[in-house]
Amino acid sequence: MAVVFVVEDDDALRSELCALLDLEGFEHRVACDFGRAAEEILAAGPDCVIMDAMLPGIDGRVIARKVKAASDVPVIMLTCLDSEFDEVTALNQGADDYLTKPYRPAVLMARVHALLRRRGQGQQRLLSHGGVSLDAGSGRVSCGDRSADLTRNEVRILGAGRAAWCRARRSCASCGSPTPSWTTTP
């Protein structure tokens with residue numbers, strides 16, 4: 001499963017982005033210290049980064065430049081800066097894509113998927129549980145010698161269910177309750 005790193009100072013928007021990533025079946029990490037965000041991103045080794053340009057104490061474009069100097073991870077700038085100059089500057093400093101706020105969630109997720117496809121990721125995400133396997137990239141589900149092709153919406157629904165299950169599992173783990181496990185294969 002692909003990991004998306006989120007660097008956003010607005011708590012509500014950060015939570016919204018994380019919920020959206022959960023629904024799409026992505027894992028996510030968030031920056032804890034904006035001054036050290038580049039180091040946190042590089043240490044996490046994510047598959048994609050969604051970053052605001054205007055952060056407290058540091059410009060997101062500076063973080064993007066530091067990350068791109070050490071890694072080829074794709075960076076999407078999600079910002080309220082809407083001038084052509086700001087967009088060109090961000091792209092020249094390392095951003096791979098640029099979206100302005102307010103953003104359209106479906107467009108943002110399409111761009112995340114497109115960047116991952118270009119990197120050769122997200123092509124095959126294999127989830128397995130109880131003898132049932134789902135290739136989220138192709139939409140093929142199989143159990144034993146039987147298989148079926150799912151629609152894109154059916155795959156998203158299953159991904160949303162899995163994301164909810166993962167949140168419940170993390171909650172159960174924090175209280176010590178035993179839970180079953182999914183196996184994810186890249």
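Values reported hereafter were calculated over all heavy atoms of this structure, with side chains retained and with hydrogens, waters and symmetry mates removed.
- Screening V6, D9, L78 for a side-chain contact (heavy atoms from CB on, under 4.5 Å) with D52, the sole residue that qualifies is D9.
- D96 has its side chain within reach of K68: a pair of non-hydrogen atoms, C-beta onward, lies under 4.5 Å apart.
- Between I76 and Y98, the closest side-chain pair of non-hydrogen atoms is not below 4.5 Å.
- Using modelled atom types, no side-chain atom of E24 and backbone atom of F26 make a donor-acceptor pair closer than 3.5 Å.
- Side-chain polar atoms of T89 and D86 form no donor-acceptor pair below 3.5 angstrom.
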Exercise for the section: List the steps and the verdict of salt bridge (charged side-chain N to carboxylate O under 4.0 Å, His left out) for R119 and D72. Expected result: CA-CA 9 Å; R119 287 189 81 207; D72 67 344; 3.0 Å; yes

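- No donor-acceptor pair under 3.5 Å is formed between the side chain of S71 and the backbone N or O of V67.
- Contact check on R14 versus E16 returns no salt bridge, with no Lys/Arg side-chain nitrogen under 4.0 Å from an Asp/Glu carboxylate oxygen.
- With a 4.5 Å cut-off on side-chain heavy atoms, V73 and D47 do not count as touching.
- Inter-residue side-chain proximity for I63 and I41 is flagged as met; some heavy-atom pair is nearer than 4.5 Å.
- Put simply, the side chain of R29 reaches to within 4.5 Å of the side chain of V3, judged on heavy atoms.
- For E40 (side chain) and C32 (main-chain N/O), a donor-acceptor pair under 3.5 Å exists by modelled atom type.
- For the pair L99/L108, a side-chain contact is recorded, criterion being any heavy-atom separation below 4.5 Å from C-beta on.
- Looking at heavy atoms from C-beta onward, L116 lies in side-chain contact with C48 at the 4.5 angstrom threshold.
- From S15, atom OG reaches atom CG of L20 across 12.5 Å, with rounding to the nearest 0.5 Å.
- Looking at T79 and E87, their side chains never come closer than 4.5 Å, going by heavy atoms from C-beta outward.
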